[in-house]
J.: 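Questions regarding the structure given below will be posed in turn.
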Amino acid sequence: MKSFGKRANGLRLERMQDSPLWVGGAFRNVHPILPGLRDTQAPRPALRDILRPSGRLLPGAPLPSMDPLDAWRRTPGSGLRATWLGHSTVLIEIDGLRVLTDPVWGPRASPSRLMGPKRFQPVPVRLSAMPPLDLVLISHDHYDHLDYPTIRALARQDVPFVTPLGVGAHLEAWGVPAARITELDWWQTYTLPHADLAVHAAPSQHFSGRGFKDRNATLWASLVIESPRHRVFFSGDTGLTTEYAAIRERLGPFDLVMLEVGAFHPTWGDIHLGPGNALKALDLLGGGAFLPVHWGTFNLAVHDWDEPAETLLQLAPRHGAQLLMPRLGEPVEPAHGLDLAPWWRAVGQAAPAPAAPAGPQPPGEPLPWPLD
């Protein structure tokens with residue numbers, strides 16, 4: 001299937017092999033896993049819970065959302081505004097430029113249109129109705145961050161892409177001209193032509209892959225968006241690492257911090273933050289207005305769909321965190337803050353799933369492709 005993407009070759013592969021993160025034919029995390037992050041004794045999530053979610057794994061009704069188009073027509077007074085569009089897709093308006101992170105408009109986080117985690121509801125804005133973009137950022141190549149139909153549509157626009165090493169092979173295979181793709185290693189920087197905007201790739205603790213045989217064949221990264229007046233941190237997917245302190249020292253402080261909080265599990269503590277470790281990461285980054293991402297869109301784990309939000313609401317005061325919890329499509333300026341209202345509580349839980357048919361059931365492991 002075309003949605004699997006393409007492996008890097010030629011000069012692209014040679015550049016990847018020159019990276020200090022490339023060892024033994026693949027990329028690797030270089031920071032040791034912190035003690036206690038990963039519970040190796042906990043049972044792994046069952047595939048049946050991912051493919052047939054029910055009850056508290058799913059919202060029982062569409063989440064409250066806004067149409068941001070009217071708001072986007074007005075320039076943000078502070079110069080920095082963010083609109084969460086679902087999962088890790090955020091439109092960042094920064095000093096007159098529009099930057100889109102990990103754009104996913106497709107109906108499933110999957111290589112298939114027929115199976116795999118289905119999004120709870122459509123994106124608040126049709127992709128064709130989005131305002132002109134100045135830059136698209138991709139943190140890594142998992143299906144809930146790099147979406148084939150979305151990239152195919154964006155390929156028809158004259159917008160540049162910044163990705164970690166190797167991800168450009170997927171984009172080019174899907175119609176994005178090579179001249180519009182910039183691939184970065186950790187600590188490398190891209191400067192948007194004819195604009196005062198830089199993007200820095202920074203460490204994260206995760207993995208990559210879209211098929212059965214391409215584990216860690218492309219790099220993953222967190223990303224920092226920098227203008228003369230503002231700095232924004234975007235985690236992509238990651239476990240907790242003290243490298244966040246190095247990011248703060250080299251690229252901080254940050255006006256806005258976007259950290260993943262959903263799709264966590266005790267056995268995944270080295271590759272996903274969850275809400276508790278996201279707050280620890282925020283402390284290491286030096287604070288800043290905190291916009292949680294990577295939740296409320298797909299069921300990719302076995303916790304309640306709203307558990308990330310509820311846990312953040314409970315823990316944030318202990319960290320002195322300035323928590324921004326906008327509804328889908330609700331633009332927010334970090335400088336102005338946002339009244340913290342648990343809007344998600346108005347959404348009930350899903351009805352119980354129908355009884356599974358007789359015969360073999362989906363196994364617990366292994367997953368047929370990397371979900372996250």
Side-chain angles (χ1 to χ4, degrees), residues 5 7-23 25-31 88 92 94-95 97 99-103 133-142 145-146 151 159-172 176-208 216-228 230-239 241-254 256-259 281 284-286:
R7 294 288 293 267
N9 56 28
L11 294 177
R12 175 177 280 120
L13 180 58
E14 290 179 16
R15 184 162 177 248
M16 293 160 57
Q17 293 168 337
D18 286 339
S19 169
L21 304 173
W22 182 271
V23 177
F27 288 106
R28 63 184 178 98
N29 292 305
V30 296
H31 194 274
S88 296
I92 304 295
I94 179 168
D95 294 336
L97 300 169
V99 180
L100 189 64
T101 66
D102 286 356
L133 301 171
D134 296 287
L135 189 61
V136 175
L137 306 183
I138 307 293
S139 65
H140 64 296
D141 73 358
H142 285 160
H145 297 261
L146 180 63
I151 298 302
V159 59
F161 290 76
V162 173
T163 81
L165 292 175
V167 179
H170 299 314
L171 303 186
E172 197 169 345
V176 181
R180 284 169 37 201
I181 303 169
T182 299
E183 297 168 78
L184 300 178
D185 203 345
W186 291 357
W187 304 121
Q188 291 183 337
T189 299
Y190 165 84
T191 300
L192 184 64
H194 314 297
D196 208 346
L197 185 83
V199 174
H200 311 276
S204 66
Q205 190 108 344
H206 200 53
F207 69 106
S208 68
N216 296 346
T218 63
L219 186 58
W220 48 95
S222 60
L223 298 161
V224 173
I225 308 163
E226 180 183 11
S227 74
H230 299 101
R231 293 185 185 186
V232 175
F233 177 82
F234 174 59
S235 69
D237 278 0
T238 181
T241 167
T242 55
E243 288 171 300
Y244 285 125
I247 295 172
R248 179 195 69 230
E249 293 167 3
R250 295 178 66 160
L251 300 172
F254 302 107
L256 176 65
V257 173
M258 299 181 291
L259 292 163
L284 289 170
L285 289 165

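None of these values were measured; they are calculated from a predicted model.
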J.: Looking only at non-hydrogen atoms, find the nearest pair between L137 and P103 and report the distance.
T.: O-CD, 3.9 Å
J.: Within the distance-only criterion (no hydrogens, no angle test), does the side chain of R180 pair as donor or acceptor with the backbone N or O of V159 below 3.5 angstrom?
T.: yes
J.: Just by modelled atom types, is the D141 backbone N or O under 3.5 Å from a matching donor or acceptor in the S208 side chain?
T.: no
J.: H142 and D237: side-chain donor and acceptor closer than 3.5 Å?
T.: no
J.: Are the side chains of L284 and T241 in contact, using a 4.5 Å heavy-atom criterion?
T.: no
J.: Rounded to the nearest 0.5 Å, how far does CG of L165 lie from CH2 of W22?
T.: 9.5 Å
J.: Can you tell if the side chain of H170 reaches within under 4.5 Å of the side chain of T218, non-hydrogen atoms only?
T.: yes
J.: Which heavy-atom pair separates M16 from G166 by the least distance, and what is that distance?
T.: SD-CA, 3.5 Å
J.: If you take all heavy atoms of E243 and V30, which pair is closest and at what distance?
T.: OE2-CG2, 3.9 Å
J.: If I take atom NE2 from residue H206 and atom OG from residue S235, how far apart are they, to the nearest 0.5 angstrom?
T.: 9.5 Å
J.: Mind telling me whether F254 and F233 have parallel, tilted or perpendicular rings, with 30° and 60° as the class edges?
T.: tilted
J.: Of all heavy-atom pairs between P164 and L219, which one has the smallest distance, and what is that distance?
T.: CB-O, 3.2 Å
J.: Between S227 and D95, do the side chains contain a donor N or O and an acceptor N or O under 3.5 Å apart?
T.: yes
J.: Checking T189 now: which residues fulfil side-chain hydrogen bond (donor to acceptor under 3.5 Å, both in side chains) with it, not counting sequence neighbours?
T.: H200
J.: Treating S222 as the side-chain partner and S204 as the backbone partner, does any N or O pair qualify as donor plus acceptor under 3.5 Å?
T.: no
J.: Between L184 and R15, which heavy-atom pair has the shortest distance, and what is it?
T.: CA-NH2, 4.4 Å
J.: If you take all heavy atoms of S139 and F234, which pair is closest and at what distance?
T.: CB-CE2, 4.0 Å
J.: How far does NE2 of H230 sit from CG of L97, to the nearest 0.5 angstrom?
T.: 12.0 Å
J.: Output the distance between atom CD1 (I138) and atom CG (D102), rounded to the nearest 0.5 Å.
T.: 5.5 Å
J.: Would you give the length of the straight line joining atom CG of L223 to atom CE of M258, rounded to the nearest 0.5 angstrom?
T.: 9.0 Å
J.: Have a look at D134 and tell me which of I94, V99, I92, L192 forms a side-chain contact (heavy atoms from CB on, under 4.5 Å) with it.
T.: L192
J.: Go through the structure and list residues passing side-chain hydrogen bond (donor to acceptor under 3.5 Å, both in side chains) with N216, not counting sequence neighbours.
T.: none
J.: What distance do L100 atom CG and L133 atom CG have between them, rounded to the nearest 0.5 Å?
T.: 5.5 Å
J.: So, are R12 and E183 salt-bridged, with charged N and O less than 4.0 Å apart?
T.: yes
J.: Do the non-hydrogen side-chain atoms of T182 and V199 ever get within less than 4.5 Å of each other?
T.: no
J.: Could you give me the CA-CA distance, side-chain angles and deciding distance for W187 and L251, then say whether side chain to side chain contact (heavy atoms under 4.5 Å, CB included) is met?
T.: CA-CA 10 Å; W187 304 121; L251 300 172; 4.0 Å; yes
